[in-house]
K.L.:
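I'd like to ask you about the structure that follows.
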Amino acid sequence: MPRKARQRSITGYSHVIVRGIGKQILFEENKDYGYYVSLIRKYAKETGVTVCAYCLMENHVHLLLYDIDGELAMFMKKVGVSYAAYYNKKYERTGHLFQDRFISEAVEDEKYLLTVFRYILNNPSAAGICPASEYPWNSYGKYDEEESFVNTELFRHLIGDWEQYAEFIAKTNNDQCMEYQPVKKDDAWAKARIRAVLGIESGTELQTYERTRRDDALRMLKREGLTIRQIERLTGISHSVVQRA
């Protein structure tokens, strides 16, 4: 069956979400986040797509993009292909990294545009991580930053100066937007997945496995969405061994 064509935004603004396949973690360390940001900067310039806001979460990404020339799909493809190649090489994995195609919604009026803008920046706050202003991997701090690749000119006109902006973002008003519903992936969740997937009571049992069996089990846990650090912590197996598996 052919894929359904995406709805083009009349205004040019779209809220885009990309997520890891099967709850796959996309960013293991700060260098990974930084590399993804460098890619959206690079390909925004190359394709002419304007980045208005972004937020990189552990296993998904929110973007507010402006695209009047129909280059959004190409922009997302370039970013996705480049990042997947980087990630798979670095963490010695194969196969798809992202879940299907990116999902998007057209943003057709000014009120909802402001809602999406605030909603994206507030993702860390909504997830209980930290306030938007303290999160290093969203575009909160680029609101009035000169020479930034993030274009907030329209939002500065609609919202006002930095003080008004900070107040606006802090008033979440229970914003509701298209969302990727994440699973809370704390250690309790990770232990439950280890029991369910491997049929063992404690991850430390993997230390008794012979190498091939152990590495197969480690790969299964990574596919389930456990981070390398979680696996290392719950199994007692070194970071380098988990990473190579």
Side-chain angles (χ1 to χ4, degrees), residues 3-20 26 36-37 39-57 59-80 83 98-127 131-133 135 137-145 148-162 164-182:
R3 289 177 171 176
K4 182 179 179 181
R6 293 186 185 280
Q7 178 186 358
R8 286 285 300 277
S9 171
I10 297 172
T11 65
Y13 289 96
S14 295
H15 176 196
V16 174
I17 301 177
V18 61
R19 57 196 180 191
L26 298 175
Y36 194 93
V37 172
L39 291 177
I40 60 178
R41 179 193 298 112
K42 174 183 178 180
Y43 291 120
K45 182 177 181 180
E46 184 174 303
T47 62
V49 170
T50 299
V51 180
C52 301
Y54 66 80
C55 184
L56 280 55
M57 303 295 282
N59 59 4
H60 67 290
V61 175
H62 286 272
L63 300 166
L64 178 55
L65 304 174
Y66 178 74
D67 165 46
I68 205 66
D69 297 321
E71 295 294 323
L72 188 150
M74 179 57 67
F75 167 78
M76 293 304 300
K77 179 178 180 180
K78 286 176 177 288
V79 172
Y83 187 75
F98 296 103
Q99 180 71 50
D100 302 322
R101 300 185 296 170
F102 65 91
I103 59 176
S104 65
E105 64 171 347
V107 181
E108 307 291 28
D109 64 73
E110 186 176 287
K111 181 179 179 181
Y112 190 55
L113 179 65
L114 288 171
T115 297
V116 172
F117 180 72
R118 177 168 57 194
Y119 180 80
I120 287 175
L121 297 180
N122 269 317
N123 254 245
S125 177
S133 60
Y135 192 66
W137 302 114
N138 65 9
S139 55
Y140 182 95
K142 300 184 182 299
Y143 182 67
D144 59 359
E145 183 180 288
S148 173
F149 73 96
V150 179
N151 188 328
T152 60
E153 182 179 358
L154 174 61
F155 299 93
R156 294 197 303 272
H157 173 72
L158 295 174
I159 298 171
D161 61 20
W162 183 269
Q164 292 169 309
Y165 164 67
E167 183 179 353
F168 172 76
I169 298 300
K171 292 181 179 179
T172 60
N173 295 328
N174 296 315
D175 294 331
Q176 297 294 316
C177 298
M178 175 183 69
E179 180 56 291
Y180 164 57
Q181 297 295 335

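Hydrogens, waters and symmetry mates are skipped; everything else that's a heavy atom, side chains included, is used. Note that the structure is a prediction, hence the values are computed from the model and not measured.
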K.L.:
Any heavy-atom pair between the side chains of Thr50 and Val150 that's under 4.5 Å?
P.N.:
no
K.L.:
Mind running side-chain contact (heavy atoms from CB on, under 4.5 Å) on Lys171 and Arg118 for me, showing each step along the way?
P.N.:
CA-CA 9 Å; Lys171 292 181 179 179; Arg118 177 168 57 194; 4.2 Å; yes
K.L.:
Going by heavy atoms in the side chains, are Arg41 and Lys45 under 4.5 Å from each other?
P.N.:
no
K.L.:
What heavy-atom pair brings Gly141 and Trp162 nearest, and what distance separates the two atoms?
P.N.:
CA-CH2, 4.1 Å
K.L.:
How close do Leu114 and Phe168 get, counting heavy atoms only, and between which atoms?
P.N.:
O-CZ, 3.7 Å
K.L.:
Heavy atoms, side chains only, cut-off 4.5 Å: are Asp144 and Thr152 in contact?
P.N.:
no
K.L.:
On a heavy-atom basis, which atom in Phe155 and which in Cys52 lie closest, and how many Å separate them?
P.N.:
CE1-CB, 3.7 Å
K.L.:
Donor-acceptor pair, Asn122 side chain versus Ile169 backbone, under 3.5 Å?
P.N.:
yes
K.L.:
Can you measure from OH (Tyr54) to NE2 (His62) and round to the nearest 0.5 angstrom?
P.N.:
14.5 Å
K.L.:
Looking only at atom types and distance, does a side-chain atom of Glu108 sit under 3.5 Å from a main-chain N or O of Ile10, one as donor and one as acceptor?
P.N.:
yes
K.L.:
What verdict does the side-chain contact (heavy atoms from CB on, under 4.5 Å) test give for Phe149 and Val37, after you've listed the backbone C-alpha separation in whole Å, the side-chain angles of each residue and the deciding distance to 0.1 Å?
P.N.:
CA-CA 10 Å; Phe149 73 96; Val37 172; 4.0 Å; yes
K.L.:
Keeping Glu167 on the side-chain end and Gln164 on the backbone end, is there a donor-acceptor pair under 3.5 Å?
P.N.:
no
K.L.:
Mark yes or no for whether Ser148, through its side chain, and Lys142, through its backbone, hold a donor-acceptor pair below 3.5 Å.
P.N.:
no
K.L.:
Quickly, which of Leu63, Leu65, Val16 forms a side chain to side chain contact (heavy atoms under 4.5 Å, CB included) with Ser104? Name it, please.
P.N.:
Val16
K.L.:
Kindly compute the distance separating CG (Leu113) from NZ (Lys111), expressed to the nearest 0.5 Å.
P.N.:
13.0 Å
K.L.:
Are the aromatic ring centres of Tyr43 and Phe75 under 6.0 angstrom apart?
P.N.:
no
K.L.:
For the pair Lys42 and Glu46, find out whether any cationic side-chain nitrogen is under 4.0 Å from an anionic carboxylate oxygen.
P.N.:
no
K.L.:
Is the ring pair Tyr165/Tyr140 parallel, tilted or perpendicular, if the boundaries are 30 and 60 degrees?
P.N.:
tilted
K.L.:
Not counting sequence neighbours, which residues clear side chain to side chain donor-acceptor pair (under 3.5 Å) with Ser125? List them please.
P.N.:
none
K.L.:
Below 4.5 Å, heavy atoms only, C-beta onward: do Phe102 and Ile17 meet side chain to side chain?
P.N.:
no
K.L.:
How close do Asp67 and Leu72 get, counting heavy atoms only, and between which atoms?
P.N.:
OD2-N, 3.1 Å
K.L.:
Can you tell me how far apart NE2 (His15) and OH (Tyr119) are? Round to the nearest 0.5 Å.
P.N.:
6.5 Å
K.L.:
Can you list the steps and then say if Tyr83 with Val61 is a side-chain contact (heavy atoms from CB on, under 4.5 Å)?
P.N.:
CA-CA 12 Å; Tyr83 187 75; Val61 175; over 6 Å; no
K.L.:
Do any N or O atoms from the side chain of Asp69 and from the backbone of Glu71 form a donor-acceptor pair under 3.5 angstrom?
P.N.:
no
K.L.:
Can you check whether Tyr36 reaches Val79 side chain to side chain, under 4.5 Å on heavy atoms?
P.N.:
yes
K.L.:
Measure across Leu26 and Arg19 and return the closest heavy-atom pair with its distance rounded to 0.1 Å.
P.N.:
CD1-C, 4.3 Å
K.L.:
So Ser139 and Cys55, do their side chains get closer than 4.5 Å, heavy atoms only?
P.N.:
no
K.L.:
Quick check: are there more than 12 heavy atoms from other residues, nucleotides or ligands sitting under 6.0 Å from CD of Glu145?
P.N.:
yes
K.L.:
Counting N and O atoms only, with roles assigned by atom type, does the side chain of Asn138 sit under 3.5 Å from a partner on the main chain of Leu121, one being a donor and the other an acceptor?
P.N.:
yes
K.L.:
After noting the C-alpha distance and the side-chain angles of Asn151 and Val51, does the key distance pass the side-chain contact (heavy atoms from CB on, under 4.5 Å) rule?
P.N.:
CA-CA 6 Å; Asn151 188 328; Val51 180; over 6 Å; no
K.L.:
A side-chain contact here means heavy atoms from C-beta on lying under 4.5 Å apart; do Lys78 and Thr47 qualify?
P.N.:
yes
K.L.:
Would Tyr13 and Glu105 count as having a side-chain donor-acceptor pair, cut-off 3.5 Å?
P.N.:
no
